[in-house]
Amino acid sequence: MEIRRDVYLDKLIRKKQNGLIKVVTGVRRCGKSYLLFQLFHNHLLASGVPADHILEVALDDRSNKALRDPDAMLRYVKASIRDQGDYYIILDEVQYMAEFEDVLNSLLHIPNADVYVTGSNSQFLSSDVITQFRGRGDEVHVFPLSFREYAAAYPGPPEDAWDDYLVYGGLPLILSMTTDEDKAAYLSALFQKVYLSDIVERHRVRNQAELDELVDILASAVGSYTNQSKLARTFRSVKHKAISDKTLKNYMDYLMDAYLISRAKRYDIKGKRYIGSPAKYYFEDVGLRNARLGFRQVEETHLMENILYNELRLRGYQVDVGVVSHYETGKEGKRGKKQLEVDFVATKGSERHYIQSAYSLPTPEKAQQEARSLLHIPDAFRKLIVVGGNAKVRRDENGILTIGLRRFLLDENSLHL
């Protein structure tokens, strides 16, 4: 079964021979190696690159142990380049090689070498890319499967694909599993034995129980406003533990660096500025989030917001939580300032979209409520309401477009209808 990852393959193709190290990042098991060793490899062959001009080394393979020595790797690469043609060097799990930063920077001095690398999240994180390659790295961030990718490879009907995706998420190996028991066991073990173990080992976390409890709290409150102070109060009142804001911030930074969670900051739409704390946090994969909670809180109302957030990021948008202020008269006749929330402000260059996520719009009053914040935005950028299910596209007299979530996710052009 071949899973198409055209979004990332196209990025790699565009970045060929750009003089930078292509650094493929993403949460473990999201398909980085498959992207390079299968899809990109096949593209190179199909575009006429000779097989002996593609140098691939999986450094986590013991048979390549000798090449973990930096000098041995450099000798191997230089000996393999026998002419002036373009060579493609693909190194997987590059952190297994000592002094890999120096090796990769040395490879950049070979004029006809184009370098692509991946690494594990325990030692090769997005925050490290900038410093390790001194501005010579070009990151391609790979997400777990989008619903469009998942549904294209799913063996059953689209409705069943959505039910599975909502519960078990988009890690590619899930598609090869036939029972719910196997899927649940895989995700639960992966979260605890791989992801959290990576963080504990890398950052030398002394109190893993605190980290575990923080993950549980964030998973339960996905899409809710939070900050370190609020979390500290939750630890005191619910967990009966005192934990400092600084420690909580460190833990949350670790989780973001490992691509387990992502933060959406608050943005004042009229004031055109970021407000600061609190923020919202979403999981990179809803299946991992559900596994962390023992699949006890699989509520489509909240999960659709997480999935929509991830989809917007996958499409290349900077995603914030919008706040729009306006004045209104209260019951006692007093006029006051009120803040309304816009679920997502998706920005890419000069392009912007305002998006509300609503599980259902059962009454005109509910529809009016969801549209309220959008109507107070004083610009002409596109405004959408994404509802649960597969509702057809419709546009009201104010220009606000309403579309079903599954239809939105399956149509890569749904933001431009």
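Numbering of residues begins at 1 and proceeds along the displayed sequence.
- Taking 4.0 Å as the cut-off between side-chain N and carboxylate O, Asp245 and Lys249 do not count as a salt-bridged pair.
- Partners of Ala153 under the side chain to side chain contact (heavy atoms under 4.5 Å, CB included) rule, at least two apart in sequence or in another chain, are Met1, Ile3, Leu175.
- With sequence neighbours excluded, the residues that form a salt bridge (Lys or Arg N to Asp or Glu O under 4.0 Å) with Glu213 are Lys241.
- A salt bridge is absent between Asp114 and Lys15; no separation between the charged side-chain nitrogens and carboxylate oxygens falls under 4.0 Å.
- Between Ile199 and Leu260 there is a side-chain heavy-atom pair separated by less than 4.5 Å.
- Under the side chain to side chain contact (heavy atoms under 4.5 Å, CB included) criterion, Arg394 pairs with Leu361, Thr402, not counting sequence neighbours.
- Qualifying salt bridge (Lys or Arg N to Asp or Glu O under 4.0 Å) partners for Lys265, counting only residues two or more places apart in sequence or in other chains: none.
- Using modelled atom types, one finds a donor on one side chain and an acceptor on the other under 3.5 Å when comparing Ser262 with Tyr309.
- Note on residues 51-97: pairs passing ring pair (Phe, Tyr, Trp, His ring centres under 6.0 Å), not counting sequence neighbours, are His53-Tyr87.
- Ring geometry, Phe283 versus Phe191: the interplanar angle falls from 30° to 60°, so the pair is classed tilted.
- Remark: Lys65 pairs with no residue by the salt bridge (Lys or Arg N to Asp or Glu O under 4.0 Å) rule, at least two apart or across chains.
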Output a table of donor-acceptor pairs, distance under 3.5 Å, between side-chain atoms of residues 312-326 and any protein atom two or more places apart or on a different chain; print 'none' if there are none.
| unit_1 | atom_1 | unit_2 | atom_2 | d |
| --- | --- | --- | --- | --- |
| Arg313 | NH1 | Glu284 | OE1 | 3.3 |
| Arg315 | NE | Glu311 | OE2 | 2.7 |
| Arg315 | NH1 | Ser414 | OG | 3.0 |
| Arg315 | NH2 | Glu311 | OE2 | 3.1 |
| Arg315 | NH2 | Phe408 | O | 2.9 |
| Arg315 | NH2 | Asp411 | O | 3.2 |
| Arg315 | NH2 | Ser414 | OG | 3.3 |
| Tyr317 | OH | Glu351 | OE2 | 2.4 |
| Gln318 | NE2 | Asp320 | OD1 | 3.1 |
| Asp320 | OD1 | Tyr274 | OH | 3.3 |
| Asp320 | OD2 | Tyr274 | OH | 2.9 |
| His326 | ND1 | His376 | NE2 | 3.3 |
| His326 | NE2 | Glu328 | OE1 | 3.1 |

Fill in: side-chain hydrogen bond (donor to acceptor under 3.5 Å, both in side chains) evaluation trace for Ser63 with Asp61
CA-CA 5 Å; Ser63 62; Asp61 186 338; 2.8 Å; yes

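- The stretch residues 215-236 participates, sequence neighbours left out, in these salt bridge (Lys or Arg N to Asp or Glu O under 4.0 Å) pairs: Asp216-Arg292.
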Worksheet entry | side-chain hydrogen bond (donor to acceptor under 3.5 Å, both in side chains) assessment of Asp92 paired with Ser33 | CA-CA 7 Å; Asp92 193 28; Ser33 301; 2.7 Å; yes

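- Legend: salt bridge (Lys or Arg N to Asp or Glu O under 4.0 Å) pairs involving residues 5-14, not counting sequence neighbours, sorted by first then second residue: Arg4-Asp6, Arg5-Glu149.
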Show the atom names and distances, to 0.1 Å, of all donor-acceptor pairs under 3.5 Å that link a side chain in residues 43-52 to residues at least two apart or in another chain.
| unit_1 | atom_1 | unit_2 | atom_2 | d |
| --- | --- | --- | --- | --- |
| His43 | NE2 | Lys16 | NZ | 3.1 |
| Ser47 | OG | His43 | O | 3.0 |
| Ser47 | OG | Leu44 | O | 2.9 |

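- In this structure, Asp285 has no salt bridge (Lys or Arg N to Asp or Glu O under 4.0 Å) partners at least two apart in sequence or on a different chain.
- Among pairs with a residue in residues 163-174, those fulfilling salt bridge (Lys or Arg N to Asp or Glu O under 4.0 Å) read Asp164-Lys183, at least two apart in sequence or across chains.
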